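All values derive from a computational prediction rather than experimental measurement. Below, all heavy atoms of this structure are taken into account, side chains as well, without hydrogens, waters or symmetry copies.
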Amino acid sequence: MFGYDMVLPMNTGAEGVETALKLARTWGYKKKKIPKDEAIIVSCCGCFHGRTLAVISTSCDNDVTRGFGPLLPGHIKVDFGDAVALEKIFKENGDRIAGFLFEPIQGEAGVVVPPDGYLKSVRDLCSKYNVLMIADEVQSGLARTGKMLACDWEEVRPDVVILGKALGGGVIPVSAVLADKDAMLCIQLGEHGSTFGGNPLAGAVAIASLDVIRDERLAERSAQLGLELRHHLLKIQQQYPNYIREVQGSGLFNAVELNSKNLRPISAYDICLQLKERGVLAKPTHDTIIRLTPPLSISSDELQEASKALSDVLEHDLPKMQKAKPEHVSPTSSNICDRCGRNLYASPDEDN
């Protein structure tokens, strides 16, 4: 379906990322001839790839890193969407860089869509400097963004693709790492494995899930319904410009960024709790962003109903919430990154 020679099945998305990291390192030593124990993985600021130890060693999220150090060495960070900065790192460390791990659209960061042409630039740079291009499509893949893979929007082919979440159809944990033989066969017998990875039930569920996505044309459906959802959300933004800074997304992978100054002391988490009371489940991230990732099977009427729920929360519930919540209540965690000292998720309206 995706045009790769081989698949290595695992259980969870984080396991898929761990597998890809091991694959990149062993490829780097065997094929690129990186000196022993000097392999580097480059990943993006604001990324989220899971919560296992190797994976959080790539993370800028204090919530998943604090209290679990020391983090594993061999990682360099670069700003997401900045191809110039990426090439600078490749030039300075290229002979030791095994892979570039990235999300084509950053999910946990707030559904951040990169600038047009970024993915093509990444592909060109990885080819130029002999670095494995590793796309974490656990969240963005399998029709979520309106294409089978988010990388398909720029028609690029990563060297390694990680799939999960929707691969199990909401029924069972199953993830997969896709690669061609030149990379995949660098892992030899006994060097990697999983008790339940590739078990028959998970395999059957994954195949059925892929069949449904293909046969019911869910990628095309996601693209169309995503346009409808953002249309509704942009109308709400026009109605409440003081509360909603930005609407962003692709397909049915969307987010609403709030104006934290005007909402204080209310956070995105508080808004999501009130949405739940109105029958809508949404996920807050970094205090100011609400992620909306509805099922690919959702109807147009349900999208309209969910959008109305957000409008009702802002019109009817928010004023009461602001009066009821003490002003001195602050966010539960700081967004100041422990790695670089920057606030990666600061809104322009926030006081510094």
Side-chain angles (χ1 to χ4, degrees), residues 10-29 34-82 85-86 88-90 92-94 96-103 106-110 112 131-132 134-136 138-139 160 162 164-165 173 175 177 187 191-194 267-269 283-289 291 330-346 350 352:
M10 298 296 287
N11 307 288
T12 66
E15 283 181 288
V17 177
E18 289 271 356
T19 299
L21 293 176
K22 289 178 68 176
L23 182 60
R25 281 185 169 184
T26 189
W27 172 87
Y29 295 131
I34 295 173
K36 182 182 178 183
D37 296 337
E38 292 187 15
I40 293 172
I41 302 293
V42 180
S43 59
C44 294
C45 295
C47 71
F48 182 84
H49 299 289
R51 294 181 177 87
T52 55
L53 189 56
V55 175
I56 66 170
S57 297
T58 73
S59 180
C60 299
D61 188 339
N62 297 334
D63 289 338
V64 302
T65 58
R66 284 178 179 169
F68 300 106
L71 302 180
L72 301 185
H75 294 279
I76 294 179
K77 305 301 296 181
V78 65
D79 284 343
F80 180 65
D82 190 340
L86 182 63
K88 183 175 184 292
I89 289 174
F90 281 4
E92 293 173 352
N93 306 275
R96 294 183 295 129
I97 296 175
F100 174 52
L101 172 67
F102 71 102
E103 302 160 90
Q106 288 194 324
E108 196 70 18
V112 180
V131 172
L132 288 184
I134 307 169
D136 180 350
V138 171
Q139 289 195 64
V160 181
I162 309 162
K165 294 193 185 300
S175 61
V177 178
I187 290 183
E191 293 180 349
H192 189 66
S194 168
S267 69
Y269 178 75
K283 186 182 187 303
T285 182
H286 304 299
D287 296 322
T288 61
I289 299 170
R291 294 199 308 166
S330 59
T332 55
S333 62
S334 170
N335 285 328
I336 303 299
C337 177
D338 287 346
R339 285 180 182 268
C340 66
R342 294 183 298 168
N343 187 345
L344 299 174
Y345 310 103
E350 288 190 89
N352 293 319

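To the nearest 0.5 Å, atoms CD (Glu15) and CD1 (Ile162) are separated by 12.0 Å. To the nearest 0.5 Å, the span separating CG on Leu132 from CD1 on Ile97 amounts to 11.5 Å. Note that the CD atom of Gln106 and the NE2 atom of His49 stand 7.5 Å from one another [nearest 0.5 Å]. If you take NE2 on His75 and OG on Ser59, they are separated by 11.0 Å, rounding to the nearest 0.5 Å. Taking CG from Leu86 and CZ from Phe80, the interatomic distance works out to 11.5 Å, rounded to the nearest 0.5 Å. Remark: Arg96 CZ to Ile40 CD1 distance equals 3.5 Å, nearest 0.5 Å.
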Verdict with reasoning, Val78 to Phe100, per side chain to side chain contact (heavy atoms under 4.5 Å, CB included): CA-CA 10 Å; Val78 65; Phe100 174 52; 3.9 Å; yes
Intermediate values then yes/no, side-chain hydrogen bond (donor to acceptor under 3.5 Å, both in side chains), Asp338 and Thr65: CA-CA 9 Å; Asp338 287 346; Thr65 58; 4.6 Å; no
Verdict with reasoning, Thr285 to Phe48, per side chain to side chain contact (heavy atoms under 4.5 Å, CB included): CA-CA 12 Å; Thr285 182; Phe48 182 84; over 6 Å; no
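For Tyr29, the ring pair (Phe, Tyr, Trp, His ring centres under 6.0 Å) test picks out no residue, with sequence neighbours left out. Partners of Glu92 according to the side-chain contact (heavy atoms from CB on, under 4.5 Å) rule, which considers only residues two or more places apart in sequence or in another chain, are Lys88. For Pro284, the side-chain contact (heavy atoms from CB on, under 4.5 Å) criterion is met by Ala268, Tyr269, Cys272, not counting sequence neighbours. Among residues two or more places apart in sequence or in another chain, the side-chain contact (heavy atoms from CB on, under 4.5 Å) test is passed with Lys77 by Ser43, Cys45, Cys47, Thr58, Cys60, Arg339. Residues passing the side-chain contact (heavy atoms from CB on, under 4.5 Å) test with Phe68 are Ile56, sequence neighbours excluded. Remark: Phe90 engages Tyr129 in a ring pair (Phe, Tyr, Trp, His ring centres under 6.0 Å) (not counting sequence neighbours).
Between the Arg25 side chain and the Ala39 main chain, no donor and acceptor come within less than 3.5 Å of each other. For the pair Lys22 (side chain) and Glu191 (backbone), a donor-acceptor distance under 3.5 Å is present. Side chain of Asp136 to backbone of Leu101: no donor-acceptor contact under 3.5 angstrom is found. The main-chain N or O of Asp82 is never found under 3.5 Å from a side-chain atom of Asp79 such that the two would form a donor-acceptor pair.
When all heavy atoms are compared, the tightest approach of Lys165 to Gln139 is CE-CG, 3.4 Å. Closest heavy-atom contact between Ile289 and Ala109: CD1-O, 3.5 Å. Considering every non-hydrogen atom in both Gly28 and Ala98, the closest pair reads CA-CB, 4.3 Å. In plain terms, the two heavy atoms of Ile134 and Ala24 that are nearest each other are CD1-CB, 3.8 Å. Considering every non-hydrogen atom in both Gly50 and Val55, the closest pair reads N-CG1, 3.4 Å.
Side-chain contact check for Met10 versus His192: some heavy-atom pair is nearer than 4.5 Å.
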